[in-house]
Amino acid sequence: MSLNPPLDVKAALALARQLGLERGDAQILLAERLQQSRAWLISHDDEALSPALAAQLASEMQQMAEGLPLAYVLGEKEFHGLSLRLSRDTLIPRADTETLVDWALELLPGLGTAPRVVDLGTGSGAIALAIKAGRPAAELSAVDLSAGALDVARGNGERLGLAVEFLQGSWWNPLRGRRFELIVSNPPYIAGQDPHLPALRHEPLSALTPGGDGLSDLMTLIEGAPAHLSPGGWLLLEHGYDQAEPVALALQDRGFVDVGLRHDLGGQPRVSGARWPG
């Protein structure tokens with residue numbers, strides 16, 4: 001569908017309504033492109049838009065109407081107080097994943113003065129960078145299979161001034177012979193036939209689902225973690241709302257102790273953790 005570029009702020013918001021966009025998303029997009037606050041938009045709805053900006057907004061709103069998430073349009077997303085750059089090589093960080101970061105930051109004071117931490121499947125670097133920002137003395141490493149995702153993660157680390165070691169490879173492969181006080185991961189865990197997957201079609205499929213029942217990568221991490229944990233070290237894993245029980249059982253069967261569970265902002269079981277006794 002060919003859209004007429006909006007002439008002013010009011011017309012841009014009207015176009016967003018016509019396309020069925022969320023009002024808040026439209027305001028965020030417009031405020032970002034105009035480098036103004038959302039409050040400013042309300043009192044300046046007759047502000048004229050340049051032809052170039054009007055055409056850009058019409059194109060971006062059309063993409064959003066077709067399902068492209070706002071975070072990809074803007075190329076950034078806030079996570080745990082950090083502004084992170086994104087690309088289509090990375091998942092969009094979710095607020096629920098902050099549950100994992102918060103738990104990690106609670107544990108770290110008891111894991112030594114310079115605890116070694118690794119984030120597996122780092123994507124944009126969100127988890128590793130948030131932990132480093134919250135615990136600067138920790139030694140952070142992060143692994144991802146995707147070279148494109150690692151480029152984004154490295155760029156975020158450099159821009160934020162947070163020193164994290166980024167390694168390319170599949171799960172444990174880049175970490176042979178190394179041990180950590182804390183291992184964290186938000187791996188692909190959506191079941192291959194989950195009806196919600198089509199709505200996530202703009203995000204990298206391999207970062208969303210391992211196929212099958214969604215548990216295979218979680219089981220790979222649980223099986224391999226003991227070879228990379230110091231005695232008393234912790235493993236924290238984000239998972240689906242209906243996967244807490246099989247994850248807890250797998251942790252217990254592997255020999256972990258102090259198995260625990262944290263719920264996300266919506267009250268769903270979201271992160272399981274356990275300690276390796278050594």
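Residue Leu236 comes nearest to Gly273 through the heavy atom pair CD2-CA, 3.6 Å, listed as atom of the first residue, atom of the second, then distance. Between Arg176 and Asn173 the shortest heavy-atom distance is NH1-O, 3.2 Å. Closest non-hydrogen pair, Glu181 versus Ser230, comes out as OE2-OG, 2.8 Å. Listed here is the closest heavy atom pair of Ala71 and Leu86: CB-CD1, 3.7 Å. Taking each heavy atom of Gly67 and Arg201 in turn, the nearest pair found is CA-NH2, 3.8 Å. Scanning both residues, Gly232 and Leu111, for their nearest heavy atoms gives O-CD2, 4.0 Å.
A cation-pi contact links Arg88 to Tyr72, judged by a cut-off of 6.0 Å to the six-membered ring centre and 45° from its axis.
Glu76 meets the side chain to side chain contact (heavy atoms under 4.5 Å, CB included) test with Glu32, Leu74, Ser83, Arg85; sequence neighbours excluded. Scored by the side chain to side chain contact (heavy atoms under 4.5 Å, CB included) test, Ser216 finds Pro210 as partners (sequence neighbours excluded). Remark: Arg135 engages no residue in a salt bridge (charged side-chain N to carboxylate O under 4.0 Å, His left out) (not counting sequence neighbours). For Pro6, the side chain to side chain contact (heavy atoms under 4.5 Å, CB included) criterion is met by Ala11, Ala12, Leu15, Leu49, Ala54, Ala58, not counting sequence neighbours. Shown here are the ring-ring contact (aromatic ring centres under 6.0 Å, His included) partners of Trp276, two or more places apart in sequence or in another chain: Phe256. With sequence neighbours left out, Ser141 forms a side chain to side chain contact (heavy atoms under 4.5 Å, CB included) with Val118, Glu165, Arg178, Phe180. The ring-ring contact (aromatic ring centres under 6.0 Å, His included) test applied to Trp171 returns no partner, not counting sequence neighbours.
At a threshold of 4.5 Å between side-chain heavy atoms, the hydrophobic network of Ile, Leu, Val, Met, Phe, Trp and Tyr places Tyr241 and Val247 in two separate groups. Both Met64 and Leu34 are assigned to one and the same hydrophobic cluster, defined by single-linkage of ILVMFWY side chains at heavy-atom distances under 4.5 Å. Under the 4.5 Å side-chain contact rule for hydrophobic residues, Val259 and Val184 do not share a cluster. Residues Val73 and Leu91 do not share a hydrophobic cluster, clusters being chains of Ile/Leu/Val/Met/Phe/Trp/Tyr side chains in contact below 4.5 Å. Taking hydrophobic clusters as Ile, Leu, Val, Met, Phe, Trp and Tyr residues chained together by side-chain heavy-atom distances below 4.5 Å, Leu175 shares a cluster with Leu235.
Crowding of Glu245 atom CD: a count of heavy atoms from other residues, nucleotides or ligands under 6.0 Å not exceeding 12. More than 12 heavy atoms of other residues, nucleotides or ligands sit less than 6.0 Å from atom CG of Leu249. More than 12 heavy-atom neighbours from other residues, nucleotides or ligands sit within 6.0 angstrom of CD on Gln56.
Atoms CG and CD, from Leu57 and Gln62 in turn, are 13.0 Å apart once rounded to the nearest 0.5 Å. If you take CG on Asn186 and CG on Leu218, they are separated by 9.0 Å, rounding to the nearest 0.5 Å. Here the CG-OG distance, from Leu261 to Ser272, works out to 4.5 Å after rounding to the nearest 0.5 Å. Rounding to the nearest 0.5 Å gives a distance of 13.0 Å between CD1 of Ile190 and CG of Asp213. Here the CG atom belonging to Leu221 is positioned 12.0 Å from the CZ atom belonging to Arg254, to the nearest 0.5 angstrom. Atom NZ in Lys77 sits 7.5 Å away from atom CG in Leu70 (nearest 0.5 Å).
Listed by first and then second residue, the side-chain hydrogen bond (donor to acceptor under 3.5 Å, both in side chains) pairs that reach into residues 43-54 are Trp40-His44, sequence neighbours excluded. Pairs of residues two or more places apart, or lying in two chains, that qualify as side-chain hydrogen bond (donor to acceptor under 3.5 Å, both in side chains) and include a residue from residues 146-156 are Asn156-Arg159.
Annotation: side chain of Pro115 is not in contact with side chain of Leu182 (no heavy-atom distance under 4.5 Å). No side-chain heavy atom of Val143 sits under 4.5 Å from any side-chain heavy atom of Gln168. Between Asp89 and Pro204, the closest side-chain pair of non-hydrogen atoms is not below 4.5 Å. Counting heavy atoms from C-beta outward, Thr90 and Asp144 have side chains that stay 4.5 Å or more apart. Residues Leu160 and Leu84 meet the side-chain proximity criterion, which asks for heavy atoms closer than 4.5 Å.
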Subject >> CA sep, side-chain torsions, deciding dist, call: Tyr189, Leu208, side chain to side chain contact (heavy atoms under 4.5 Å, CB included) >> reply: CA-CA 6 Å; Tyr189 58 72; Leu208 291 166; over 6 Å; no
Going by atom type alone, with no hydrogens or angles, which donor-acceptor pairs under 3.5 Å involve a side-chain atom of residues 122-134 and a protein atom two or more places apart or on another chain?
residue	atom	partner	partner atom	Å
Thr122	OG1	Asp119	OD2	2.8
Lys132	NZ	Pro136	O	2.7
Lys132	NZ	Ala138	O	2.8

Can you list, pair by pair, the side-chain donor-acceptor contacts under 3.5 Å of residues 92-101, counting residues two or more places apart and other chains?
residue	atom	partner	partner atom	Å
Arg94	NH1	Ile92	O	2.7
Arg94	NH1	Glu203	OE1	2.8
Arg94	NH1	Glu203	OE2	3.2
Arg94	NH2	Glu203	OE2	2.6
Thr97	OG1	Glu238	OE1	2.7
Thr97	OG1	Glu238	OE2	3.4
Glu98	OE2	His80	N	2.7
Thr99	OG1	Asp96	O	2.9

Below 3.5 Å, can you tabulate the donor-acceptor pairs from side chains in residues 21-30 to any protein atom, sequence neighbours excluded?
residue	atom	partner	partner atom	Å
Gln27	OE1	Arg38	NE	3.4
Gln27	OE1	Arg38	NH2	2.9

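Side-chain N or O atoms of Arg179 include one that pairs as donor or acceptor with a backbone N or O of Pro226 at under 3.5 Å. Not one N or O on the side chain of Glu106 forms a donor-acceptor pair closer than 3.5 Å with the backbone of Trp103. Side chain of Arg270 to backbone of His239: a donor-acceptor contact under 3.5 angstrom is found. Between the Ser185 side chain and the Leu120 main chain, a donor and an acceptor come within less than 3.5 Å of each other.
A salt bridge does not link Arg116 to Glu139: none of the charged side-chain nitrogens sits closer than 4.0 Å to a carboxylate oxygen.
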